[in-house]
Amino acid sequence: MTDRSEQEQRRLEELNELSKLGINAYPYKWEVDSHAADVLVAFDDGRHQPDENGEVETPLRVSLAGRIISKRVMGKASFFHLRDSSGDIQVYVRRDDLPEGWYNTVFKKLLDIGDIVGITGFAFRTKLGEVSVHVEEMTLLAKAIRPLPIEKESDGHVYNEVVDKEFRYRQRYVDLILHEDVKQVFKERARMVSAIRSFLDERDMVEVETPVLQPIYGGATARPFTTHHNALDMQLYLRIADELYLKRLIVGGFDGVYEISKDFRNEGLSRYHNPEFTMLEVYVAYKDYLWMMDLVEEMVEHAVLAVRGSTEIQVDGKTISFKRPWKRIPMIEAIQQETGHDIGGKTREELASIADGLGIAVDKSMGSGKIIDEIFGEHVEPKLIQPTFITDYPIELSPLAKRHRSKEGLVERFEAICNGKELCNAFSELNDPLDQRSRFEDQAALLAGGDEEAMQLDDDYIRALEYGMPPTAGLGVGIDRLAMLVTGQKSIRDVILFPLLRPELVEHEESE
RNA sequence: GAUCCCGUAGCUCAGUUGGCAGAGCAUCUGACUUUUAAUCAGAGGGUCGCAGGUUCGAGCCCUGCCGGGAUCACCA
């Protein structure tokens, strides 16, 4: 209590006053029959506007609920703006329309900006032309103890806008109350995910759920979070991918499965990285990566269209078109186009010297595949703005992908790159259990050598493959990054409702 | 993990060569029955992120720490 600000103390006192007046500051319900936006649409000057005597033949009577976001008190009548999930509407209150004392005592003194109220009344248009609701009945639905930051807008300019990122991320609820555009981003994200889900459902893919807590982590190269299960006294990892479980389901006879999962990687934070993030993975039996490219194009085009109403989006002044078909370029060709170097069939030493000539630091631990990946990441990826499929990756980087059917040393893998960033990763899945075991063993050697991101050997996964997995195409899509692109956000924190931040010191208050 | 920038009232921000901590909005008191960044008159509100140091004197200079942002590295 002692730590309460002046304004908070005042609001707590108001709670007492309300209680003395027999008003419950936190009642149980309110019948809402309209939203702000509906009233603005439904109001018709010809039918609903009162005449000079205040008479309305066909009043537009509404019952709304929402938060008071502005208050203009003048003598015996006042205006305020009410904000509900649909938007804002102005409300007109007159002393003489409310029960004795309500206007002067309750409305003027005990209700604040930030409080949630229910109102009933009729719509009308004010002298200055704003469609408003003339209150006939008003109830407090929830008293706010903390003052809501107040932003004011005039001629499209926002004054006192809350811009502090930390405030907005930590108290996302306030950010959402204040900023419709933030809410819009998350609605768009939801629409995108929903479009992807229905797209896959329509193709008879089965949405499944696989373990988040895994005794062996796999399916990607990353450092995991570890945790512990008490009853079984066992170490568990939060999944870094769901790939290996989904492929077990293909072994089990599903023709197509997908999961939209939270994955966890114990790595640094940046505007492209949050430790927990959302991944879509899709696996389809009897298909290869060429088929999967078609699916990705179609799915992403569909999702962009569902959110934007167009297959084009604007990013940093650039127009990106997701219209099919996208360009497809083998990785080696893409490198040749951008750097002039033909890296096909080169030895590790030759590659190292090319990389060196391109200004890339090469150290002894880097194999051929890693060097090629560095060259690509430095000199090609940033230049790919329009969605482009890069195909056929070095085998060392892809321990779960199938060897290329005709190109030595490569696997059947593709990534879609867009705006200089990876959009998805996919391959013809490796289903030869003997090959898979030997690739895992290579990884195990790296792990033993101190590479914390190398994969663990998963014997049960090998056992599953030994029962026979059909040829399978697999796909992983970073949903947050796709959402950033589709909603035009520059930071992953702006497409994640509650991004991870360092803990803040929250004042822990004691009850009075 | 490295570098740079930022942290002042509930919110947005000023704060000069180091010299009594300010404004607008919000809040409080009063006036006002169609206002709209409502207006008018008055008032209150601060651990200047935290801890040290330099100085007669620190919001300002120095060091460390905490928190945030941007860039880089790792990754999706």
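Proteins come first, then strands; the chains are lettered A, B, ... in the order of their sequence lines, and each starts at number 1. Scope of the values below: all heavy atoms of this structure, side chains included, with no hydrogens, waters or symmetry mates.
Looking at A/D164, its side chain has no donor and acceptor atom pair within 3.5 Å of the base of B/G7. Side-chain atoms of A/E166 and base atoms of B/G67 include no donor and acceptor less than 3.5 Å apart. The base of B/U12 lies outside donor-acceptor range of the side chain of A/E161, with no N or O pair under 3.5 Å. Below the 3.5 angstrom threshold, one finds a donor paired with an acceptor across the side chain of A/Q7 and the base of B/A26. Taking only distance into account, the side chain of A/Q90 meets the base of B/U35 through a donor-acceptor pair shorter than 3.5 Å.
Annotation: B/A26 and B/A9 have their C1' atoms spaced 10 Å apart (nearest Å). Comparing the same atom, P, in B/G46 and in B/C11 gives a spacing of 14 Å after rounding to whole Å. If you take atom P in B/G45 and the same atom in B/U39, they sit 24 Å apart, rounded to whole Å. Between B/A38 and B/C32, the two C1' atoms lie 11 Å apart (nearest whole Å). For the P atoms, the distance linking B/U16 with B/C60 amounts to 11 Å, nearest Å. With C1' as the reference atom, B/G59 and B/G18 are 10 Å apart, rounded to whole Å. B/U3 and B/A58 have their C1' atoms separated by 28 Å, given to the nearest Å. Taking the C1' atom of each, B/C66 and B/G49 are spaced 7 Å apart, rounded to whole Å.
Taking 4.0 angstrom as the limit, A/R72 places none of its side-chain polar atoms (N or O) nearer than this to OP1 or OP2 of B/U39. Close to B/G10, at under 4.0 Å from its OP1 or OP2, lies no side-chain N or O of A/R146. Dashed line: the shortest gap from a side-chain N or O of A/K152 to OP1 or OP2 of B/A37 is not under 4.0 Å. Neither OP1 nor OP2 of B/A73 sits under 4.0 Å from any side-chain N or O of A/R271.
Heavy atoms of A/H157 sit nowhere under 4.0 angstrom from any nucleic acid atom. Looking at heavy-atom distances under 4.0 Å, A/E422 makes contact with sugar-phosphate atoms alone, never a base. Nucleic acid contact for A/D373: none, since no nucleic acid atom lies under 4.0 Å from a heavy atom of the residue. Contact annotation for A/V477: no contact, since no heavy-atom pair falls under 4.0 Å across all strands. Across all strands shown, A/R493 has heavy atoms under 4.0 Å from sugar-phosphate atoms exclusively, and none from any base. Contact annotation for A/K370: backbone-only contact, meaning every heavy-atom pair under 4.0 Å involves sugar-phosphate atoms and none involves a base. If you check every strand for non-hydrogen atoms under 4.0 Å, A/S270 touches a base. No engagement by A/R223 is indicated, since no non-hydrogen atom pair under 4.0 Å with the nucleic acid exists. A/G75 comes within 4.0 angstrom of a nucleotide base, judged by non-hydrogen atoms across all strands.
Set against B/U33, B/C25, B/U35, the side chain of A/F79 has B/U35 as its closest nucleotide. Among B/A70, B/U35, B/C32, the nucleotide with an atom closest to any side-chain atom of A/S491 is B/A70. Of the candidates B/C11, B/U34, B/U33, the closest approach to any side-chain atom of A/T126 belongs to B/U34. Among the nucleotides B/U34, B/U12, B/U36, the one closest to the side chain of A/Y92 is B/U34. Checked against B/G68, B/A70, B/U34, the side chain of A/F124 finds its nearest nucleotide in B/U34. Comparing atom distances between the A/I150 side chain and each of B/C32, B/A37, B/A26 picks out B/A26 as nearest. The A/K109 side chain lies nearest to B/U29 when the options are B/C32, B/U29, B/G68. Comparing B/A70, B/U36, B/U34 by their closest approach to the side chain of A/M74 singles out B/U34. Distance from the side chain of A/F167 is smallest to B/C11 among B/G69, B/C11, B/C13. For A/R502, whose side chain is taken as the heavy atoms from C-beta onward, the closest listed nucleotide among B/G67, B/U36, B/U33 is B/G67.
B/A23: Watson-Crick or G-U partner is B/U12, with both key distances under 3.5 Å. When both distances must be under 3.5 Å, the Watson-Crick or G-U wobble mate of B/U29 is B/A41. Checking B/C60 for Watson-Crick or G-U wobble geometry (two distances, each under 3.5 Å) identifies no partner in any strand. Pairing partner, B/U34: none, since no Watson-Crick or wobble contact has both distances short of 3.5 Å. In this structure, B/A70 and B/U3 make a Watson-Crick or G-U wobble pair, each of the two defining distances being under 3.5 angstrom.
Shown for residues 110-117 of chain A: no residue has heavy atoms falling under 4.0 angstrom of RNA chain B.
For the pair A/L501 CG and B/G67 C1', the computed distance is 10 Å after rounding to whole Å.
Classification of A/R223 and A/E267 as a salt-bridged pair fails, no side-chain N sitting under 4.0 Å from a carboxylate O. Under the 4.0 Å criterion applied to side-chain N and carboxylate O atoms, A/E207 and A/R197 are assigned as salt-bridge partners. Ionic pairing of A/R11 and A/E8 is not present here: no N-O contact between side-chain nitrogen and carboxylate oxygen is shorter than 4.0 angstrom. Using a cut-off of 4.0 Å between Lys/Arg side-chain N and Asp/Glu carboxylate O, A/D112 and A/K143 are scored as salt-bridged. A salt bridge does not link A/R125 to A/E130: none of the charged nitrogens lies less than 4.0 Å from a carboxylate oxygen.
Each of A/R125 and A/Y272 was assigned the nucleotide of RNA chain B with the nearest heavy atom; the assignment lying further toward the 5' end belongs to A/R125. Sequence order on RNA chain B of the closest nucleotides to A/A222 and A/K127 puts A/K127 first from the 5' end.
In this structure, A/D242 and A/S261 approach most closely via the heavy-atom pair OD2-OG, 2.9 Å.
Within the 6.0 Å centre-distance limit, the rings of A/F80 and A/F107 are counted as a close aromatic pair. Under the 6.0 Å cut-off for aromatic ring centres, A/F427 and A/Y289 do not qualify, their centroids lying 6.0 Å or more apart.
The backbone N or O of A/E378 sits nowhere less than 3.5 Å from a side-chain atom of A/E381 that would complete a donor-acceptor pair. Here the side chain of A/S19 pairs no donor or acceptor atom with the backbone of A/L15 at under 3.5 angstrom.
A distance of 5.5 Å separates OG1 in A/T388 from NZ in A/K327, rounded to the nearest 0.5 Å.
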